[in-house]
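Values reported hereafter were calculated over all heavy atoms of this structure, with side chains retained and with hydrogens, waters and symmetry mates removed. Order of appearance sets the numbers: ligands from 1, and atoms from 1 within every ligand. Keep in mind it's a predicted model, so treat the numbers as computed, not measured.
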Amino acid sequence: MDYAATGEQALARIAQASELDALEQLRVEFMGKQGSVSGLLKTLGAMSADERLSVGPQIHALRESVSAALAARKAALEDAELSEQLARERVDLTLPAPGAPRGSIHPVSQVMDELAEIFADLGFAVATGPEIEDDWHNFTALNIPESHPARAMHDTFYFPGSDAAQGGTTGPNSGRMLLRTHTSPVQIRSMLAHGAPLRIIAPGRVYRSDSDATHTPMFHQVEGLVIDRGIHLGHLKWTLETFLKAFFEREDIVLRLRPSYFPFTEPSVEVDIGFELVGGADGKERRVLGGNGDAPGHGWMELLGSGMVNRKVIEAGGLDPDEWQGFAFGVGVDRLAMLKYGMDDLRAFFDGDVRWLQHYGFSPFDVPTLSAGVGAQSSRGAA
Ligand code: DAH
């Protein structure tokens with residue numbers, strides 16, 4: 001018998017098997033109990049010693065090569081099947097879910113993410129505080145004592161049943177409950193919780209009884225606070241400049257610091273940002289941020305409040321103002337969003353109109369990172 005020819009035939013058929021089922025049939029045909037190769041092995045028993053010496057190695061070689069070929073072909077077919085399955089079952093995560101409305105990131109969330117990214121790079125942590133706040137944290141600790149005119153300016157929502165007769169602010173955590181009118185109370189909470197040194201931003205919702213095209217009863221602010229030794233106005237100016245250049249993605253942002261008054265800072269500065277008036281195709285002039293506001297065709301726009309933290313505020317935060325100094329700032333997040341992405345009516349932010357969200361919203365996959373640029377792909381330029 002020509003064992004070599006038998007082997008070649010078997011190997012050829014194995015090589016041609018294109019499916020695992022067919023290959024399994026071949027395995028049974030050759031190597032099964034009743035298989036042809038198994039049958040050849042059985043013939044060895046009936047042979048003479050001489051015959052076995054010459055034929056045995058050939059039959060064993062045949063069996064080896066057939067079983068090796070079966071194993072190799074099996075591995076190849078399994079590989080191909082897996083690749084095909086992977087290709088077939090690939091999931092495109094960017095496809096909208098079937099039937100569901102397509103979600104988007106609200107511009108306020110987008111801007112808050114951008115702020116967190118920019119300030120994290122400067123070593124700031126994100127802090128939070130309660131929206132239902134007490135009088136002491138919202139006012140007294142920030143050097144706005146009762147009867148201070150600044151309280152009237154805040155149009156505060158007080159909770160019913162907590163009228164003034166219930167007692168004023170006698171100390172920490174006392175006084176009427178209210179909806180916080182600004183994010184500044186997080187300054188106090190952060191100092192009390194973490195001591196100094198401190199570098200935080202505190203984004204969040206704030207509430208005032210006020211409503212028109214540029215004011216809504218609920219809006220968003222971000223507070224910034226740095227407490228350390230030897231902090232001065234230069235640190236404040238550099239930090240704001242660095243932040244605003246990164247946020248607006250322009251190197252030509254120019255700031256003007258104007259003396260102002262806030263109870264919680266001394267000295268207080270209001271920060272203006274320079275813009276250029278640019279004529280549009282429709283004949284309307286647009287303000288494009290950047291450049292010195294004093295230059296011809298330019299102007300200044302008020303952007304945020306800030307200053308050196310008042311000694312009394314540092315004391316209320318449980319720190320020694322002779323050892324620790326700091327600067328703070330507060331800015332409207334909605335306003336930042338409007339300036340960066342070109343919306344003109346604040347009320348639309350809170351209408352929940354899906355068309356508006358689709359127009360201004362951002363992809364959930366568009367996570368702001370410093371390396372890829374904090375601005376979203378759909379950045380629509382300045383107001
Ligand atoms: N809390 C102020 C407001 O709501 C904004 C503000 C001004 C915050 C100056 C600050 C600051 O931290 O230093 O109008």
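- Side-chain atoms of T181 and D155 form no donor-acceptor pair, as typed in the model, at a separation below 3.5 Å.
- Aromatic ring centres of W356 and F349: separated by under 6.0 Å.
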Is there any protein N/O under 3.5 Å from an N/O of ligand 1, and what does the full list of such pairs look like?
residue, atom, partner, partner atom, Å
ligand 1, 1 (N), H182, ND1, 2.9
ligand 1, 1 (N), S184, OG, 3.0
ligand 1, 4 (O), R208, NH2, 2.8
ligand 1, 4 (O), Q221, NE2, 2.9
ligand 1, 12 (O), Q187, NE2, 3.1
ligand 1, 12 (O), E223, OE2, 2.6
ligand 1, 12 (O), F329, N, 3.4
ligand 1, 12 (O), F329, O, 3.4
ligand 1, 13 (O), A328, O, 3.3

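- Note on E323 versus R229: salt bridge recorded, some NZ/NE/NH1/NH2 to OD/OE distance being below 4.0 Å.
- Here the CG atom belonging to L289 is positioned 5.0 Å from the CE atom belonging to M301, to the nearest 0.5 angstrom.
- Judged by a 6.0 Å distance limit and a 45° cone about the ring axis, K340 is not positioned over the six-membered ring of F248.
- Between the side chains of E114 and Q110, at least one donor N or O lies within less than 3.5 Å of an accepting N or O.
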